[in-house]
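First the structure, in the form of structure tokens, and then the observations on it.
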Amino acid sequence: MRPITRRGALQLGGLGLLSAAVGGTGLALGGGSRLDPDVGVELTEPETLRSADGALRVQLEAVVGRVRIAGREATAYGYSGGVPGPTLRLRPGDRLQIRLVNRLDAPTNLHVHGLHVSPEGNGDNVFVTVAPGESFDYDYRLPEDHPTGVFWYHPHHHGTVADQLFGGLYGAIVVEDAEELPVARERVLVVSDISLDAAGRLRQPSAMERMMGREGELVLVNGQARPAFAARPGERERWRVVNACTSRYVRLRLDGQQLDLLGIDGGRFAEPRRVEEVVLAAGNRADLLVTTAAGTSRLRALRVDRGGMGGMMGGSVSGDVVPLATLDVAGAETGAPPPLPQQPRPRDLRGAEVTERRRLTFAMGMGMGGGMGGGRGPGGMTFTVDGREFDPDRVDQSVALGAVEEWTITNTSPMDHPMHLHVWPMQIVAERGRPVDDIRWQDVVNVPSGGEVAVRVAFDDFGGRTVYHCHILDHEDNGMMGVVEAGRAG
Ligand code: C2O
Ligand code: CU
Ligand code: CU
């Protein structure tokens with residue numbers, strides 16, 4: 001990790017900002033049973049690895065051991081020694097080759113979340129198992145018309161995805177626009193959460209936490225606790241924000257600054273949208289423009305009610321207001337940023353001919369035995385899609401290559417589930433039965449408790465098998481996942 005700007009460090013101006021960052025809502029971390037984070041240090045970014053001449057080759061070592069988290073030595077996981085792992089910057093048409101080396105004590109693998117690449121062979125194949133001590137060479141080829149935006153990578157070995165991601169295994173991927181937008185600078189902000197004890201060791205979640213979807217006690221930005229950074233007034237920055245939390249949803253606010261949302265996940269809007277806040281379910285990303293005004297602003301994650309088990313097992317999860325970072329805007333005003341070029345018009349499947357309609361039901365149940373504790377999942381619950389738990393040897397949805405399908409996803413449970421489909425992005429066309437009036441492409445779509453969402457998917461290319469699942473990764477590990485296979489014609 002290295003500091004993002006030296007100038008930033010100078011502009012922080014010493015102790016004032018530090019004490020401001022430590023004040024506010026207080027640390028809420030006492031008793032010596034939790035890690036005492038080093039708060040308010042200068043924001044750093046993970047190392048950036050950039051493709052050249054259409055190619056990027058990377059070695060990622062998944063390690064367990066001593067890594068630096070929240071400014072302290074922790075015993076956790078990391079890719080090549082860092083939390084987050086390096087940021088990969090690519091362009092459409094690139095070839096990305098990653099050698100994943102497993103130095104963990106358990107099997108793992110790698111998933112490039114949101115990339116539109118083949119799920120087969122040594123592509124984005126989540127059925128691969130890389131045993132401890134072994135390595136695997138992934139080879140991804142991005143099509144020339146690959147969406148631009150912010151993506152990410154993380155392990156996807158069924159049963160341990162939540163544990164490994166929570167422990168520190170994640171990193172950002174940026175697919176750059178053909179023509180960069182005029183900005184003073186870009187920042188990659190990876191939001192994650194983790195629970196560490198006072199000695200810096202990972203805390204294991206309880207069965208209840210796994211049932212609800214664990215939320216870490218420390219919420220980090222680029223592996224730091226409430227870092228601080230600086231800008232001059234009138235600057236336009238582009239922020240690539242990843243919600244890499246295992247389960248937590250974040251409602252981002254940055255009061256006092258102008259926010260224009262370019263898109264969510266790989267889904268660029270037709271025009272940037274002026275917003276007050278951005279809600280990211282677990283796994284979502286934001287491509288955001290921030291135009292600065294003088295003053296000190298807090299980047300905060302406000303509480304999101306994602307449901308709960310009612311009176312039965314305690315209320316909903318998610319913290320209240322979590323301070324994430326501090327932006328200090330001071331100094332001489334810069335000139336107004338140049339106008340943004342016209343954005344490319346996104347594809348719109350709302351008028352497309354739908355070749356197949358499906359209904360998928362996400363549910364939580366008591367399991368075969370009936371009654372509390374009857375299920376074999378945490379808290380005695382089962383986590384299912386269409387009444388079944390994940391089986392890698394079963395194909396749940398068989399689609400024809402070239403099809404445009406409409407999937408209506410229903411959630412009968414008392415909690416929200418963020419539904420994620422690999423390889424093929426989803427266009428949201430209706431929510432709670434009402435058509436949406438804009439073009440929204442995402443790869444993680446929240447399906448609210450008791451609600452439903454309809455999405456359209458164009459299975460234009462890439463045959464093979466992959467998965468869709470709840471991106472509350474404890475739910476995914478406990479079975480809330482299915483297999484989709486896109487078949488070649490003939
Ligand atoms: Cu972010 Cu199937 O994963
Ligand atoms: Cu994914
Ligand atoms: Cu879920």
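Atoms within a ligand are numbered from 1 in the order they appear, just like the ligands themselves. As a basis for the values below, the full set of heavy atoms in this structure was taken, side chains included, without hydrogen atoms, waters or symmetry mates. Values in this document were obtained by computation on a predicted structure and should not be read as measured data.
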### Geometric cation-pi criterion Arg214 and Phe166, 6.0 Å radius, 45° cone
yes

### Query
Counting backbone and side-chain atoms alike, does His156 have an N/O/S atom under 2.8 Å from the Cu ion (ligand 2)?
no

### Query
Are the aromatic rings of Trp239 and Phe229 close, with centres under 6.0 Å apart?
yes

### Query
Would Arg268 and Asp177 pass as an ion pair if we require N to O under 4.0 Å?
yes

### Under-2.8 Å protein N/O/S neighbours of atom 2 (Cu) of ligand 1, ordered by chain then residue number
His156 NE2, His422 NE2, His469 NE2

### Task
Have a look at His111 and say which of its N, O or S atoms is nearest the Cu ion (ligand 2).
NE2

### Query
Does Arg251 make a cation-pi contact with Tyr249, if we ask for NZ or CZ under 6.0 Å from the ring centre and within 45° of the axis?
no

### Task
Decide yes or no for Ser195 and Leu35: does some side-chain heavy atom of the first lie under 4.5 Å from some side-chain heavy atom of the second?
no

### Over-ring placement of Arg465 relative to Phe127, 6.0 Å and 45° cut-offs
yes

### Query
Does the separation of the ring centres of His113 and His420 fall below 6.0 angstrom?
yes

